[in-house]
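Single-structure report; data block below.
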2 protein chains.
Amino acid sequence: MSAQAGQKQGAPDELAASAGHETAGRLLLAAVEAFAERGFHATTTRDIAQRAGMSPAALYIHYRTKEELLYQISVFGHQRAIRVLGDASRHGVTVADRLAAAVSAFARWHAEHHTRARVVQYELTALGEEHYAEILTLRRRAGDIIRDLLDEGTAGGEFQVADIRSTARAIMSLCIDVARWFDPAGSDSPEQLGRLYAGLALRMAGAAEPPPGFGA
Amino acid sequence: MSAQAGQKQGAPDELAASAGHETAGRLLLAAVEAFAERGFHATTTRDIAQRAGMSPAALYIHYRTKEELLYQISVFGHQRAIRVLGDASRHGVTVADRLAAAVSAFARWHAEHHTRARVVQYELTALGEEHYAEILTLRRRAGDIIRDLLDEGTAGGEFQVADIRSTARAIMSLCIDVARWFDPAGSDSPEQLGRLYAGLALRMAGAAEPPPGFGA
DNA sequence: GTCTATATGTTGATAGAC
DNA sequence: GTCTATCAACATATAGAC
(Lines give C-alpha, C1' and ligand atoms only; values in the text may rest on other atoms or scores of the structure.)
Protein backbone atom coordinates (compact mmCIF):
# COMPACT_ATOMS: atom_id res chain seq x y z
CA MET A 1 0.00 0.00 0.00
CA SER A 2 1.21 3.48 -0.79
CA ALA A 3 1.34 6.30 1.69
CA GLN A 4 -1.88 7.67 0.31
CA ALA A 5 -3.79 4.41 0.71
CA GLY A 6 -7.32 4.94 1.95
CA GLN A 7 -7.17 8.54 0.81
CA LYS A 8 -9.94 9.47 -1.61
CA GLN A 9 -8.88 11.41 -4.66
CA GLY A 10 -9.14 15.14 -4.19
CA ALA A 11 -10.55 14.82 -0.66
CA PRO A 12 -7.84 16.29 1.55
CA ASP A 13 -7.43 14.26 4.71
CA GLU A 14 -8.15 16.16 7.91
CA LEU A 15 -5.66 14.20 9.95
CA ALA A 16 -2.89 14.82 7.43
CA ALA A 17 -3.85 18.49 7.23
CA SER A 18 -3.75 18.78 11.01
CA ALA A 19 0.01 18.27 10.89
CA GLY A 20 0.38 21.68 9.26
CA HIS A 21 3.13 20.48 6.94
CA GLU A 22 2.71 18.25 3.94
CA THR A 23 5.48 15.81 4.79
CA ALA A 24 4.46 15.68 8.44
CA GLY A 25 0.93 14.83 7.35
CA ARG A 26 2.16 12.04 5.11
CA LEU A 27 4.15 10.58 7.99
CA LEU A 28 1.07 10.75 10.20
CA LEU A 29 -1.02 8.76 7.70
CA ALA A 30 1.79 6.26 7.26
CA ALA A 31 2.03 5.84 11.02
CA VAL A 32 -1.72 5.21 11.31
CA GLU A 33 -1.51 2.37 8.83
CA ALA A 34 1.58 0.84 10.38
CA PHE A 35 0.26 1.10 13.94
CA ALA A 36 -3.08 -0.38 12.91
CA GLU A 37 -1.44 -3.33 11.18
CA ARG A 38 1.22 -4.28 13.69
CA GLY A 39 0.64 -2.23 16.82
CA PHE A 40 2.71 0.69 18.11
CA HIS A 41 5.55 -1.20 19.77
CA ALA A 42 6.07 -3.53 16.84
CA THR A 43 6.12 -0.72 14.27
CA THR A 44 9.57 0.51 13.35
CA THR A 45 10.36 4.10 12.54
CA ARG A 46 11.93 2.76 9.36
CA ASP A 47 8.59 1.25 8.33
CA ILE A 48 6.76 4.52 8.89
CA ALA A 49 9.35 6.51 6.98
CA GLN A 50 9.35 4.02 4.13
CA ARG A 51 5.55 4.11 3.80
CA ALA A 52 5.78 7.88 3.58
CA GLY A 53 8.51 7.57 0.97
CA MET A 54 11.21 9.11 3.15
CA SER A 55 14.47 8.15 4.80
CA PRO A 56 14.38 6.94 8.41
CA ALA A 57 15.99 10.16 9.60
CA ALA A 58 13.34 12.40 8.04
CA LEU A 59 10.82 11.37 10.65
CA TYR A 60 12.81 13.04 13.40
CA ILE A 61 12.68 16.41 11.71
CA HIS A 62 8.90 16.48 12.15
CA TYR A 63 8.44 14.42 15.30
CA ARG A 64 10.71 14.12 18.29
CA THR A 65 9.82 10.49 18.97
CA LYS A 66 7.69 7.64 17.69
CA GLU A 67 5.40 8.22 20.66
CA GLU A 68 4.71 11.75 19.51
CA LEU A 69 3.25 10.37 16.30
CA LEU A 70 0.90 8.15 18.29
CA TYR A 71 -0.03 11.07 20.48
CA GLN A 72 -0.96 13.28 17.54
CA ILE A 73 -3.05 10.50 16.01
CA SER A 74 -4.69 9.83 19.35
CA VAL A 75 -5.61 13.41 20.18
CA PHE A 76 -6.94 14.16 16.74
CA GLY A 77 -8.87 10.89 16.52
CA HIS A 78 -10.49 11.34 19.89
CA GLN A 79 -11.41 14.93 19.13
CA ARG A 80 -13.07 13.91 15.89
CA ALA A 81 -14.95 10.95 17.35
CA ILE A 82 -16.22 13.02 20.27
CA ARG A 83 -17.28 15.82 17.97
CA VAL A 84 -19.17 13.42 15.71
CA LEU A 85 -20.85 11.93 18.75
CA GLY A 86 -21.65 15.24 20.40
CA ASP A 87 -23.02 16.91 17.27
CA ALA A 88 -25.31 13.98 16.54
CA SER A 89 -26.52 13.88 20.15
CA ARG A 90 -28.12 17.31 19.67
CA HIS A 91 -29.79 16.21 16.45
CA GLY A 92 -33.38 15.26 17.19
CA VAL A 93 -36.48 16.29 19.08
CA THR A 94 -37.05 13.34 21.40
CA VAL A 95 -34.34 11.80 23.55
CA ALA A 96 -34.80 8.58 21.61
CA ASP A 97 -34.08 10.40 18.36
CA ARG A 98 -30.97 11.93 19.84
CA LEU A 99 -29.69 8.63 21.27
CA ALA A 100 -30.31 6.96 17.91
CA ALA A 101 -28.48 9.76 16.07
CA ALA A 102 -25.54 9.68 18.49
CA VAL A 103 -25.08 5.91 18.36
CA SER A 104 -25.55 5.81 14.62
CA ALA A 105 -22.89 8.47 14.07
CA PHE A 106 -20.45 6.99 16.57
CA ALA A 107 -20.72 3.44 15.20
CA ARG A 108 -20.52 4.76 11.67
CA TRP A 109 -17.34 6.70 12.45
CA HIS A 110 -15.71 3.57 13.79
CA ALA A 111 -16.65 1.68 10.61
CA GLU A 112 -15.66 4.39 8.14
CA HIS A 113 -12.40 5.17 9.90
CA HIS A 114 -11.78 1.68 11.20
CA THR A 115 -8.04 1.87 10.57
CA ARG A 116 -7.41 4.98 12.60
CA ALA A 117 -10.11 3.98 15.08
CA ARG A 118 -8.16 0.82 15.74
CA VAL A 119 -5.10 2.87 16.66
CA VAL A 120 -7.14 5.35 18.67
CA GLN A 121 -8.95 2.65 20.66
CA TYR A 122 -6.34 -0.07 21.06
CA GLU A 123 -2.92 1.60 21.22
CA LEU A 124 -3.71 4.00 24.06
CA THR A 125 -1.56 2.15 26.57
CA ALA A 126 1.56 2.80 24.52
CA LEU A 127 1.28 6.55 25.20
CA GLY A 128 3.54 8.24 27.72
CA GLU A 129 2.03 8.80 31.14
CA GLU A 130 1.10 12.45 30.67
CA HIS A 131 -0.28 11.96 27.19
CA TYR A 132 -2.25 8.96 28.40
CA ALA A 133 -3.85 10.98 31.20
CA GLU A 134 -4.76 13.71 28.73
CA ILE A 135 -6.51 11.22 26.46
CA LEU A 136 -8.42 9.68 29.35
CA THR A 137 -9.96 13.08 30.03
CA LEU A 138 -11.18 13.24 26.46
CA ARG A 139 -12.61 9.73 26.71
CA ARG A 140 -14.60 10.55 29.80
CA ARG A 141 -16.30 13.33 27.87
CA ALA A 142 -17.41 10.86 25.22
CA GLY A 143 -18.92 8.49 27.75
CA ASP A 144 -20.75 11.33 29.42
CA ILE A 145 -22.59 12.19 26.23
CA ILE A 146 -24.32 8.81 26.11
CA ARG A 147 -24.87 8.74 29.83
CA ASP A 148 -26.54 12.14 29.81
CA LEU A 149 -28.94 10.95 27.14
CA LEU A 150 -29.82 7.84 29.15
CA ASP A 151 -30.25 10.00 32.25
CA GLU A 152 -32.57 12.36 30.49
CA GLY A 153 -34.59 9.62 28.82
CA THR A 154 -34.94 7.65 32.03
CA ALA A 155 -35.99 10.70 34.02
CA GLY A 156 -38.61 11.52 31.39
CA GLY A 157 -39.96 7.98 31.31
CA GLU A 158 -39.02 7.37 27.67
CA PHE A 159 -36.30 4.88 28.61
CA GLN A 160 -36.28 2.03 31.09
CA VAL A 161 -32.71 1.62 32.36
CA ALA A 162 -31.84 -0.03 35.65
CA ASP A 163 -28.10 0.74 35.61
CA ILE A 164 -27.41 3.88 33.63
CA ARG A 165 -23.64 3.93 34.06
CA SER A 166 -23.17 0.33 32.94
CA THR A 167 -25.67 0.56 30.11
CA ALA A 168 -23.99 3.69 28.76
CA ARG A 169 -20.66 1.91 28.92
CA ALA A 170 -22.12 -1.09 27.08
CA ILE A 171 -23.49 1.09 24.28
CA MET A 172 -20.11 2.82 23.89
CA SER A 173 -18.40 -0.55 24.01
CA LEU A 174 -20.59 -1.92 21.25
CA CYS A 175 -19.66 0.97 18.96
CA ILE A 176 -15.96 0.92 19.79
CA ASP A 177 -15.64 -2.79 19.05
CA VAL A 178 -16.72 -2.08 15.48
CA ALA A 179 -13.15 -0.93 14.84
CA ARG A 180 -11.88 -4.41 15.72
CA TRP A 181 -14.00 -6.44 13.33
CA PHE A 182 -15.24 -4.09 10.62
CA ASP A 183 -14.24 -5.11 7.11
CA PRO A 184 -14.98 -2.61 4.33
CA ALA A 185 -15.19 -5.58 1.93
CA GLY A 186 -17.97 -7.09 4.06
CA SER A 187 -21.62 -6.87 3.24
CA ASP A 188 -22.60 -4.05 5.62
CA SER A 189 -21.95 -0.42 4.80
CA PRO A 190 -21.10 1.98 7.62
CA GLU A 191 -24.51 3.60 7.12
CA GLN A 192 -26.42 0.34 7.45
CA LEU A 193 -24.38 -0.52 10.50
CA GLY A 194 -25.15 2.84 12.04
CA ARG A 195 -28.89 2.35 11.52
CA LEU A 196 -28.77 -1.16 12.97
CA TYR A 197 -26.80 -0.04 16.01
CA ALA A 198 -29.12 2.90 16.63
CA GLY A 199 -31.99 0.42 16.84
CA LEU A 200 -30.06 -1.89 19.14
CA ALA A 201 -29.16 0.99 21.44
CA LEU A 202 -32.80 2.07 21.69
CA ARG A 203 -33.69 -1.46 22.70
CA MET A 204 -30.89 -1.57 25.23
CA ALA A 205 -32.27 1.66 26.66
CA GLY A 206 -35.73 0.12 26.92
CA ALA A 207 -37.25 2.68 24.57
CA ALA A 208 -40.73 1.92 23.27
CA GLU A 209 -40.56 0.16 19.91
CA PRO A 210 -41.69 2.28 16.98
CA PRO A 211 -44.80 0.81 15.33
CA PRO A 212 -43.99 -1.41 12.32
CA GLY A 213 -43.45 0.68 9.23
CA PHE A 214 -41.84 3.57 11.12
CA GLY A 215 -38.07 3.56 11.10
CA ALA A 216 -36.29 0.22 10.43
CA MET B 1 4.35 -9.37 39.41
CA SER B 2 5.56 -12.90 39.88
CA ALA B 3 5.09 -15.65 37.36
CA GLN B 4 2.17 -16.96 39.35
CA ALA B 5 0.36 -13.62 39.43
CA GLY B 6 -3.38 -13.99 39.01
CA GLN B 7 -3.15 -17.59 40.09
CA LYS B 8 -5.33 -18.43 43.06
CA GLN B 9 -3.68 -20.40 45.82
CA GLY B 10 -4.14 -24.11 45.41
CA ALA B 11 -6.32 -23.77 42.33
CA PRO B 12 -4.23 -25.33 39.56
CA ASP B 13 -4.47 -23.29 36.39
CA GLU B 14 -5.96 -25.16 33.44
CA LEU B 15 -3.94 -23.26 30.89
CA ALA B 16 -0.69 -24.00 32.71
CA ALA B 17 -1.70 -27.62 33.14
CA SER B 18 -2.49 -27.90 29.43
CA ALA B 19 1.22 -27.53 28.69
CA GLY B 20 1.83 -30.95 30.23
CA HIS B 21 5.07 -29.87 31.85
CA GLU B 22 5.41 -27.62 34.86
CA THR B 23 8.02 -25.28 33.38
CA ALA B 24 6.21 -25.11 30.06
CA GLY B 25 3.05 -24.14 31.92
CA ARG B 26 4.85 -21.40 33.81
CA LEU B 27 6.19 -20.02 30.53
CA LEU B 28 2.68 -20.07 29.09
CA LEU B 29 1.29 -18.01 31.97
CA ALA B 30 4.22 -15.61 31.76
CA ALA B 31 3.60 -15.19 28.03
CA VAL B 32 -0.08 -14.43 28.61
CA GLU B 33 0.79 -11.60 30.96
CA ALA B 34 3.50 -10.19 28.74
CA PHE B 35 1.40 -10.37 25.57
CA ALA B 36 -1.57 -8.78 27.35
CA GLU B 37 0.54 -5.89 28.63
CA ARG B 38 2.59 -5.05 25.58
CA GLY B 39 1.23 -7.04 22.69
CA PHE B 40 2.81 -10.02 20.96
CA HIS B 41 5.28 -8.24 18.70
CA ALA B 42 6.55 -5.96 21.42
CA THR B 43 7.07 -8.76 23.92
CA THR B 44 10.58 -10.13 24.05
CA THR B 45 11.42 -13.75 24.68
CA ARG B 46 13.72 -12.45 27.40
CA ASP B 47 10.75 -10.86 29.15
CA ILE B 48 8.74 -14.06 29.04
CA ALA B 49 11.64 -16.14 30.30
CA GLN B 50 12.39 -13.65 33.06
CA ARG B 51 8.76 -13.60 34.26
CA ALA B 52 8.90 -17.39 34.44
CA GLY B 53 12.16 -17.18 36.35
CA MET B 54 14.24 -18.81 33.63
CA SER B 55 17.05 -17.96 31.26
CA PRO B 56 16.16 -16.74 27.76
CA ALA B 57 17.33 -20.01 26.24
CA ALA B 58 15.05 -22.17 28.41
CA LEU B 59 12.03 -21.02 26.42
CA TYR B 60 13.26 -22.78 23.30
CA ILE B 61 13.40 -26.16 25.02
CA HIS B 62 9.64 -26.09 25.45
CA TYR B 63 8.52 -24.02 22.46
CA ARG B 64 10.03 -23.80 19.03
CA THR B 65 9.18 -20.11 18.55
CA LYS B 66 7.51 -17.19 20.27
CA GLU B 67 4.58 -17.66 17.91
CA GLU B 68 4.03 -21.17 19.20
CA LEU B 69 3.41 -19.74 22.65
CA LEU B 70 0.76 -17.43 21.24
CA TYR B 71 -0.75 -20.30 19.31
CA GLN B 72 -1.06 -22.50 22.41
CA ILE B 73 -2.64 -19.65 24.35
CA SER B 74 -4.98 -18.90 21.47
CA VAL B 75 -6.18 -22.45 20.89
CA PHE B 76 -6.73 -23.16 24.55
CA GLY B 77 -8.43 -19.83 25.19
CA HIS B 78 -10.80 -20.21 22.26
CA GLN B 79 -11.65 -23.75 23.24
CA ARG B 80 -12.48 -22.68 26.77
CA ALA B 81 -14.55 -19.67 25.75
CA ILE B 82 -16.52 -21.67 23.21
CA ARG B 83 -17.12 -24.46 25.69
CA VAL B 84 -18.35 -21.99 28.31
CA LEU B 85 -20.64 -20.42 25.72
CA GLY B 86 -21.90 -23.71 24.32
CA ASP B 87 -22.56 -25.34 27.68
CA ALA B 88 -24.52 -22.33 28.89
CA SER B 89 -26.52 -22.18 25.66
CA ARG B 90 -28.09 -25.56 26.50
CA HIS B 91 -28.94 -24.42 30.00
CA GLY B 92 -32.59 -23.35 30.10
CA VAL B 93 -36.07 -24.27 28.97
CA THR B 94 -37.04 -21.28 26.83
CA VAL B 95 -34.83 -19.82 24.11
CA ALA B 96 -34.74 -16.59 26.09
CA ASP B 97 -33.36 -18.45 29.10
CA ARG B 98 -30.71 -20.08 26.97
CA LEU B 99 -29.69 -16.82 25.27
CA ALA B 100 -29.47 -15.15 28.67
CA ALA B 101 -27.36 -18.00 30.05
CA ALA B 102 -25.05 -18.03 27.04
CA VAL B 103 -24.44 -14.27 27.03
CA SER B 104 -24.05 -14.17 30.78
CA ALA B 105 -21.43 -16.92 30.73
CA PHE B 106 -19.56 -15.52 27.74
CA ALA B 107 -19.40 -11.98 29.12
CA ARG B 108 -18.43 -13.32 32.52
CA TRP B 109 -15.61 -15.38 31.04
CA HIS B 110 -14.20 -12.27 29.36
CA ALA B 111 -14.33 -10.39 32.66
CA GLU B 112 -12.89 -13.14 34.85
CA HIS B 113 -10.16 -14.02 32.41
CA HIS B 114 -9.71 -10.54 30.99
CA THR B 115 -5.94 -10.87 30.75
CA ARG B 116 -5.90 -14.00 28.64
CA ALA B 117 -9.06 -12.90 26.84
CA ARG B 118 -7.20 -9.79 25.74
CA VAL B 119 -4.51 -11.95 24.16
CA VAL B 120 -7.04 -14.34 22.68
CA GLN B 121 -9.15 -11.58 21.14
CA TYR B 122 -6.61 -8.95 20.15
CA GLU B 123 -3.39 -10.73 19.21
CA LEU B 124 -4.90 -13.11 16.64
CA THR B 125 -3.32 -11.32 13.71
CA ALA B 126 0.16 -12.09 15.00
CA LEU B 127 -0.40 -15.81 14.41
CA GLY B 128 1.16 -17.57 11.43
CA GLU B 129 -1.11 -18.07 8.45
CA GLU B 130 -2.04 -21.69 9.15
CA HIS B 131 -2.56 -21.16 12.84
CA TYR B 132 -4.65 -18.09 12.10
CA ALA B 133 -6.91 -20.04 9.75
CA GLU B 134 -7.32 -22.73 12.37
CA ILE B 135 -8.42 -20.20 14.97
CA LEU B 136 -10.88 -18.59 12.58
CA THR B 137 -12.65 -21.95 12.28
CA LEU B 138 -13.02 -22.06 16.05
CA ARG B 139 -14.36 -18.51 16.10
CA ARG B 140 -17.02 -19.24 13.55
CA ARG B 141 -18.32 -21.97 15.82
CA ALA B 142 -18.72 -19.47 18.65
CA GLY B 143 -20.67 -17.03 16.52
CA ASP B 144 -22.94 -19.80 15.30
CA ILE B 145 -24.04 -20.61 18.85
CA ILE B 146 -25.56 -17.17 19.34
CA ARG B 147 -26.94 -17.07 15.84
CA ASP B 148 -28.69 -20.40 16.24
CA LEU B 149 -30.37 -19.13 19.39
CA LEU B 150 -31.58 -16.00 17.61
CA ASP B 151 -32.76 -18.14 14.70
CA GLU B 152 -34.72 -20.42 16.95
CA GLY B 153 -36.23 -17.62 19.03
CA THR B 154 -37.21 -15.63 15.98
CA ALA B 155 -38.80 -18.63 14.26
CA GLY B 156 -40.77 -19.37 17.44
CA GLY B 157 -41.95 -15.78 17.80
CA GLU B 158 -40.19 -15.23 21.13
CA PHE B 159 -37.68 -12.82 19.60
CA GLN B 160 -38.11 -9.96 17.16
CA VAL B 161 -34.91 -9.68 15.12
CA ALA B 162 -34.74 -8.04 11.71
CA ASP B 163 -31.12 -8.93 10.90
CA ILE B 164 -30.11 -12.11 12.70
CA ARG B 165 -26.53 -12.29 11.43
CA SER B 166 -25.70 -8.71 12.38
CA THR B 167 -27.50 -8.86 15.70
CA ALA B 168 -25.66 -12.05 16.66
CA ARG B 169 -22.38 -10.39 15.75
CA ALA B 170 -23.30 -7.35 17.84
CA ILE B 171 -24.07 -9.49 20.89
CA MET B 172 -20.75 -11.34 20.53
CA SER B 173 -18.98 -8.03 19.99
CA LEU B 174 -20.46 -6.60 23.18
CA CYS B 175 -19.13 -9.53 25.21
CA ILE B 176 -15.70 -9.60 23.57
CA ASP B 177 -15.11 -5.91 24.19
CA VAL B 178 -15.37 -6.60 27.93
CA ALA B 179 -11.79 -7.87 27.73
CA ARG B 180 -10.64 -4.43 26.58
CA TRP B 181 -12.08 -2.33 29.38
CA PHE B 182 -12.75 -4.67 32.31
CA ASP B 183 -10.93 -3.70 35.49
CA PRO B 184 -11.11 -6.17 38.38
CA ALA B 185 -10.67 -3.21 40.75
CA GLY B 186 -13.79 -1.60 39.31
CA SER B 187 -17.19 -1.68 40.95
CA ASP B 188 -18.78 -4.46 38.84
CA SER B 189 -18.10 -8.11 39.52
CA PRO B 190 -17.98 -10.54 36.58
CA GLU B 191 -21.25 -12.04 37.86
CA GLN B 192 -23.06 -8.70 37.95
CA LEU B 193 -21.75 -7.90 34.51
CA GLY B 194 -22.98 -11.24 33.19
CA ARG B 195 -26.46 -10.59 34.55
CA LEU B 196 -26.57 -7.10 33.10
CA TYR B 197 -25.36 -8.27 29.69
CA ALA B 198 -27.87 -11.12 29.63
CA GLY B 199 -30.64 -8.56 30.07
CA LEU B 200 -29.20 -6.30 27.38
CA ALA B 201 -28.93 -9.20 24.94
CA LEU B 202 -32.57 -10.15 25.53
CA ARG B 203 -33.56 -6.60 24.74
CA MET B 204 -31.38 -6.58 21.62
CA ALA B 205 -33.18 -9.76 20.56
CA GLY B 206 -36.55 -8.09 21.08
CA ALA B 207 -37.59 -10.60 23.72
CA ALA B 208 -40.64 -9.73 25.78
CA GLU B 209 -39.64 -7.99 29.01
CA PRO B 210 -40.15 -10.07 32.13
CA PRO B 211 -42.76 -8.48 34.43
CA PRO B 212 -41.21 -6.32 37.17
CA GLY B 213 -40.07 -8.47 40.07
CA PHE B 214 -39.04 -11.39 37.87
CA GLY B 215 -35.36 -11.59 37.10
CA ALA B 216 -33.38 -8.27 37.23
C1' DG C 1 16.61 -29.39 31.12
C1' DT C 2 18.91 -25.59 32.27
C1' DC C 3 22.66 -22.68 32.02
C1' DT C 4 26.25 -19.04 29.90
C1' DA C 5 27.86 -17.21 25.81
C1' DT C 6 27.13 -15.69 21.39
C1' DA C 7 25.91 -15.35 16.22
C1' DT C 8 23.36 -12.43 13.30
C1' DG C 9 20.30 -9.03 12.37
C1' DT C 10 17.34 -4.95 13.70
C1' DT C 11 16.04 -1.14 16.66
C1' DG C 12 15.27 4.13 17.97
C1' DA C 13 17.62 7.93 17.43
C1' DT C 14 21.70 11.08 16.02
C1' DA C 15 25.75 13.35 13.26
C1' DG C 16 27.02 15.79 9.66
C1' DA C 17 27.08 16.51 4.39
C1' DC C 18 24.30 18.92 1.04
C1' DG D 1 14.52 19.62 5.14
C1' DT D 2 16.35 15.68 3.45
C1' DC D 3 19.87 12.57 2.78
C1' DT D 4 23.67 8.74 3.93
C1' DA D 5 26.13 6.70 7.48
C1' DT D 6 26.32 5.21 11.96
C1' DC D 7 25.95 4.28 17.18
C1' DA D 8 24.71 1.62 21.13
C1' DA D 9 21.24 -1.25 22.61
C1' DC D 10 18.49 -4.99 21.92
C1' DA D 11 16.01 -8.71 19.16
C1' DT D 12 15.36 -14.04 18.09
C1' DA D 13 17.38 -18.02 18.15
C1' DT D 14 21.37 -21.36 18.63
C1' DA D 15 25.83 -23.81 20.48
C1' DG D 16 27.86 -26.26 23.72
C1' DA D 17 29.12 -26.91 28.84
C1' DC D 18 27.14 -29.16 32.81
**Prompt:** Reading nucleotides 6-18 of chain C 5' to 3', which nucleotides get B (base under 4.0 Å from a protein heavy atom), which S (sugar-phosphate only), which -?
**Reply:** -----BBBBB---
Identify every side-chain donor-acceptor pair in residues 123-133 of chain A under 3.5 Å, counting partners at least two apart or on other chains, and give the distances.
from	atom 1	to	atom 2	distance (Å)
A:Glu123	OE1	A:Phe40	N	3.0
A:His131	ND1	A:Glu67	OE1	3.2
A:His131	ND1	A:Glu67	OE2	2.9

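Atom CZ in A:Arg38 sits roughly 15 Å away from atom P in D:dA11 (whole-Å rounding). Rounded to an integer number of Å, the gap from CG of B:Leu59 to P of D:dT14 is 11 Å. Straight-line distance from the CD1 atom of A:Ile61 to the C1' atom of D:dT2: 5 Å, rounded to whole Å.
Residues meeting the side-chain hydrogen bond (donor to acceptor under 3.5 Å, both in side chains) test with B:Ser173, sequence neighbours left out: A:Asp177. For A:Arg140, the side-chain hydrogen bond (donor to acceptor under 3.5 Å, both in side chains) criterion is met by no residue, not counting sequence neighbours. Qualifying side chain to side chain contact (heavy atoms under 4.5 Å, CB included) partners for A:Ala168, counting only residues two or more places apart in sequence or in other chains: A:Ile146, A:Arg147, A:Leu150. Applying the side chain to side chain contact (heavy atoms under 4.5 Å, CB included) rule to A:Ala170 yields the partners A:Met204, B:Leu174, B:Tyr197, B:Leu200; only residues at least two apart in sequence or on another chain are considered.
Nearest to the side-chain atoms of B:His21 among the listed nucleotides D:dG1, D:dT4, C:dG1 stands C:dG1.
Within a 6.0 Å sphere centred on CD of B:Glu68, other residues, nucleotides and ligands contribute more than 12 heavy atoms.
Between B:Thr23 and C:dT2 there is a side-chain N or O to OP1 or OP2 distance below 4.0 Å.
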